[in-house]
Amino acid sequence: MTRPRAASERFVAQLPTRTRSRVQVIYSPIMEIRSLPVAVEAEGVQGLIFTSTNAVNAAAAKGVDRTLPAFCVGPATTGTAKGYGWQAEMVGATAEELVGHLLKRRPKSPLLHLRGEHTRGNVAGRLTESGLAVREQPVYQQKLLPLTPEATEAADGDSPIIAPLFSPRTARHFADIWVGLAPLWLAAISQATADPLYSLDYAGLKIAKMPTPKKMRKAVKKLAKHALRVEGGAVPD
């Protein structure tokens with residue numbers, strides 16, 4: 001599992017029992033999330049935009065006003081924001097859908113997009129250019145990490161490896177650091193995440209039908225089933 005440990009454990013726990021019983025899980029986060037030591041500049045803001053659970057967690061830790069409405073991408077981010085007490089609403093499964101929804105709805109502004117240092121989609125810029133005032137502020141950083149010794153050892157073995165990738169940046173990083181000889185089966189949460197992986201010598205690649213945890217779990221389930229049928233034996237995940 002390539003996500004930060006807590007997120008990886010949640011994802012594995014929600015896989016079907018049969019899938020979990022047929023794989024050996026190796027946790028090797030290739031990205032570490034660190035909250036930035038900044039105060040959130042929310043004066044005058046009429047609402048928040050969250051495009052990741054990491055931003056929600058950082059905002060909660062910094063004491064951002066929870067009476068503000070929160071416009072969120074995806075069920076996981078929305079659920080996390082609701083759990084902290086925000087009046088959170090899912091307005092799309094992707095940043096593209098969020099932009100389209102907000103431009104059609106035109107909520108009170110300015111809005112504040114709290115995000116990581118590295119982000120895609122230019123949400124604030126596109127909304128502002130279209131007449132909806134949106135500020136943005138990075139509240140966490142995403143530090144790239146090498147594979148763990150356990151993952152490196154598995155990569156040098158002959159058992160098939162299933163590697164789920166959840167963002168284009170981590171996919172690019174994985175493609176850069178993967179040097180293993182083991183049969184590689186890849187699951188990507190989106191086409192943009194899959195694009196950097198085409199340079200790898202892989203046995204199989206499955207793209208989730210939608211960029212959601214539920215569809216990603218289905219992709220991993222199908223990939224594990226196929227890898228076991230083709231390769232046989234236990235599959236490190």
Side-chain angles (χ1 to χ4, degrees), residues 1-16 19-20 23-33 51-55 73-77 93-96 115-121 140-148 150-152 154-156 159-228 230-231 235-237:
M1 292 300 301
T2 59
R3 303 182 90 183
R5 183 63 182 252
S8 288
E9 289 179 345
R10 286 195 300 271
F11 183 83
V12 170
Q14 293 171 352
L15 287 171
T19 301
R20 295 201 308 271
V23 300
Q24 171 196 351
V25 179
I26 295 175
Y27 293 101
S28 180
I30 60 174
M31 178 183 288
E32 179 183 14
I33 303 301
T51 50
S52 74
T53 57
N54 295 321
V73 168
T77 301
T94 65
E96 192 73 24
R115 60 172 181 82
E117 284 185 328
H118 300 274
T119 188
R120 300 177 70 252
Y140 67 93
Q141 62 181 184
Q142 307 107 309
K143 181 183 177 182
L144 298 177
L145 303 173
L147 293 174
T148 64
E150 184 182 8
T152 301
D156 289 334
S159 294
I161 301 286
I162 293 177
L165 282 311
F166 292 83
S167 74
R169 187 165 181 251
T170 53
R172 287 193 299 272
H173 181 52
F174 183 83
D176 288 339
I177 64 177
W178 176 263
V179 293
L181 299 176
L184 183 60
W185 298 77
L186 299 164
I189 199 168
S190 65
Q191 181 61 57
T193 302
D195 287 342
L197 303 174
Y198 292 129
S199 62
L200 293 170
D201 182 15
Y202 54 81
L205 171 62
K206 180 74 175 176
I207 302 173
K209 291 184 178 180
M210 291 183 65
T212 65
K214 182 178 179 179
K215 295 298 184 182
M216 190 62 168
R217 289 194 296 271
K218 287 187 175 181
V220 170
K221 175 185 173 182
K222 291 179 179 178
L223 205 62
K225 183 177 180 180
H226 192 55
L228 282 167
V230 173
E231 306 286 351
V235 182
D237 182 4

Report yes if the side chains of [X] and [Y] come closer than 4.5 Å at any heavy-atom pair, otherwise no.
X	Y	answer
W178	L186	no
R172	P168	yes
E32	P4	no
K225	K221	no
M31	F174	no

Work out which heavy atom in [X] is nearest to a heavy atom in [Y]; give both atom names and the distance.
X	Y	value
P213	P75	CD-CG, 4.4 Å
A224	I162	CA-CD1, 3.2 Å
L165	M216	O-CE, 3.2 Å
T51	T77	C-OG1, 4.1 Å
L205	A188	CD1-CB, 4.4 Å
L197	A171	CD2-O, 3.7 Å

Which value, rounded to the nearest 0.5 Å, describes the distance between [X] atom [atom1] and [Y] atom [atom2]?
X	Y	atom1	atom2	answer
T94	M210	OG1	CE	8.0 Å
K218	T19	NZ	OG1	12.5 Å
D195	I207	CG	CD1	7.5 Å
T2	I26	OG1	CD1	12.5 Å
W185	K206	CH2	NZ	12.0 Å
K143	E117	NZ	CD	12.5 Å

Worked check of side-chain contact (heavy atoms from CB on, under 4.5 Å) between I30 and L147: CA-CA 6 Å; I30 60 174; L147 293 174; 4.0 Å; yes
Verify, without hydrogens or angle tests, whether [X] (side chain) and [Y] (backbone) share a donor-acceptor contact under 3.5 angstrom.
X	Y	result
S190	S167	no
R20	L15	yes
S28	T148	yes

Under 3.5 Å side-chain donor-acceptor pair for R169 and Q142: no
Other residues, nucleotides, ligands: >12 heavy atoms within 6.0 Å of E96 CD: no
